[in-house]
Amino acid sequence: MRLGAHMSAAGGVYTAFARGQKAACETILVFTKSNRQWKAKPLADEDVQNYREAAAEHSGIFPTAVHASYLINLASPKPDLWQKSLDALKIEVERAGQLGIPLLVFHPGSYVTADEQTGLDNIVRALQQLLADTADSAPGVTVCLETMAGQGTNLGHRFQQLAYLLENAGPSERMGVCFDTCHVFAAGYDIRTPEAYAATMSEFDRVIGLEQIKCFHFNDSKFELGRRKDRHAHIGDGFIGGEGFANFLNDPRWAEYPAHLETPKTEEDEDGNEIEMDVVNLATLRSLIK
Ligand SMILES: [Zn+2]
Ligand SMILES: [Zn+2]
């Protein structure tokens with residue numbers, strides 16, 4: 001697989017490449033704007049130029065994937081928040097298109113005070129509009145629904161929910177799924193042993209179709225199977241464990257697919273020295289390749 005991590009884009013999206021290179025990333029995941037704010041200054045020609053130059057300079061780091069803002073909630077029962085979310089996601093997709101980034105990952109949403117079906121249908125309506133509105137401006141960007149842990153009223157933790165969204169918003173070649181190991185495990189799908197992994201992947205294939213997977217988030221889980229808690233642990237340090245990741249890493253179907261860490265960036269050793277954890281987690285993942 002192509003292994004990498006979420007990299008800071010502080011100082012411009014292009015700066016993420018140098019950080020990725022330092023951490024031995026073969027692929028990077030970035031925010032192209034502040035993930036905690038709705039607004040973003042439009043990308044200037046210079047930003048696009050800088051990005052393209054850095055991408056060419058770091059030609060061993062690909063593909064780049066964008067993670068959309070956490071504020072976006074296409075399932076929202078509040079019309080103003082739904083509209084704001086749709087507008088914000090559209091901007092994210094267009095920015096990815098401007099930069100030539102092929103993948104954009106977002107959280108499907110939470111139904112809050114509504115119900116599951118209403119929430120799913122709100123997401124469908126937004127995605128239909130999004131795909132239509134960005135067909136010309138960002139034709140090369142695949143919009144990926146992230147598999148979710150199922151915290152609160154979070155949607156996308158059951159494979160059936162993701163299948164419903166993909167079928168009803170499309171079907172579209174411009175949509176897919178980002179498979180987050182921590183979230184899938186938290187949602188109750190076991191991946192720890194070769195047998196459990198095979199069963200989960202065949203369930204995914206039956207319900208959604210493995211061809212819908214475009215990228216992975218590789219996070220271990222601080223909580224046990226099925227607890228629906230979204231807390232990321234370092235690789236091999238959580239309840240998934242190294243063998244769980246080995247199942248993905250040694251599956252030839254994913255040989256060319258990107259996987260990004262979203263685990264804590266630093267830890268302290270006993271002497272209080274800071275350890276760069278992306279380097280450690282990537283080394284752990286690579287050691288699991290047979
Ligand atoms: Zn995410
Ligand atoms: Zn998470």
Side-chain angles (χ1 to χ4, degrees), residues 3-9 16 25 27-37 63-76 85 88-89 92-93 95-96 101-110 123 126-127 130 141-159 161-162 165-166 175-189 191 212-241 244-245 248 257-265 277-278 281 285:
L3 301 174
H6 190 247
M7 284 290 138
S8 164
C25 290
T27 173
I28 51 173
L29 177 69
V30 294
F31 294 124
T32 74
K33 54 179 280 296
S34 166
N35 65 314
R36 305 256 170 222
Q37 279 173 24
T64 299
V66 171
H67 200 302
S69 166
Y70 298 133
L71 298 173
I72 292 170
N73 183 11
L74 301 182
S76 177
S85 295
L89 189 56
E92 298 260 16
V93 173
R95 289 168 82 87
I101 296 177
L103 298 165
L104 178 131
V105 178
F106 80 103
H107 298 175
S110 298
I123 301 171
L127 288 175
L130 176 83
V141 181
T142 301
V143 178
C144 301
L145 300 158
E146 184 171 333
T147 59
M148 299 307 289
Q151 290 200 144
T153 65
N154 224 220
L155 293 164
H157 61 105
R158 303 305 304 161
F159 293 164
Q161 294 171 339
L162 295 167
L165 296 174
L166 290 168
M175 287 200 63
V177 172
C178 170
F179 190 109
D180 185 311
T181 51
C182 169
H183 299 177
V184 165
F185 183 74
Y189 300 99
I191 48 176
Q212 298 288 355
I213 296 179
K214 308 298 175 192
C215 54
F216 293 83
H217 286 172
F218 271 5
N219 304 307
D220 210 328
S221 172
K222 284 198 175 168
F223 286 92
E224 253 292 10
L225 176 70
R227 293 284 305 282
R228 294 178 64 170
K229 294 234 205 261
D230 181 5
R231 289 286 303 285
H232 301 178
H234 295 299
I235 304 298
D237 241 19
F239 283 96
I240 297 175
F245 291 93
F248 292 88
Y257 283 67
H260 302 112
L261 295 165
E262 297 177 306
T263 41
K265 288 290 181 193
M277 289 307 292
D278 285 340
N281 284 314
L285 287 171

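Each ligand, and each atom within it, is numbered from 1 in the order the structure gives.
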| Angular separation of OE2 (E146) and NE2 (H107) seen from the Zn ion (ligand 1), to 10° | 100°
| Tell me, which N, O or S atom in H67 is closest to the Zn ion (ligand 1)? | NE2
| said: Taking backbone and side chain together, does C182 place any N/O/S atom at a distance below 2.8 Å from the Zn ion (ligand 2)? | reply: no
| query | When you measure from the side chain of T181 to the backbone N and O of N219, does any donor-acceptor pair fall under 3.5 Å? | reply | yes
| Closest heavy-atom contact between F239 and D220? | N-OD1, 3.4 Å
| What closest approach, in Å, do G109 and I123 show between heavy atoms, and which atom pair accounts for it? | N-CD1, 4.3 Å
| Take atom NZ in K265; do more than 12 heavy atoms of anything else shown fall under 6.0 Å from it? | yes
| query | Quick one: angle H183 NE2 - the Zn ion (ligand 2) - D230 OD1, to the nearest 10°? | reply | 90°
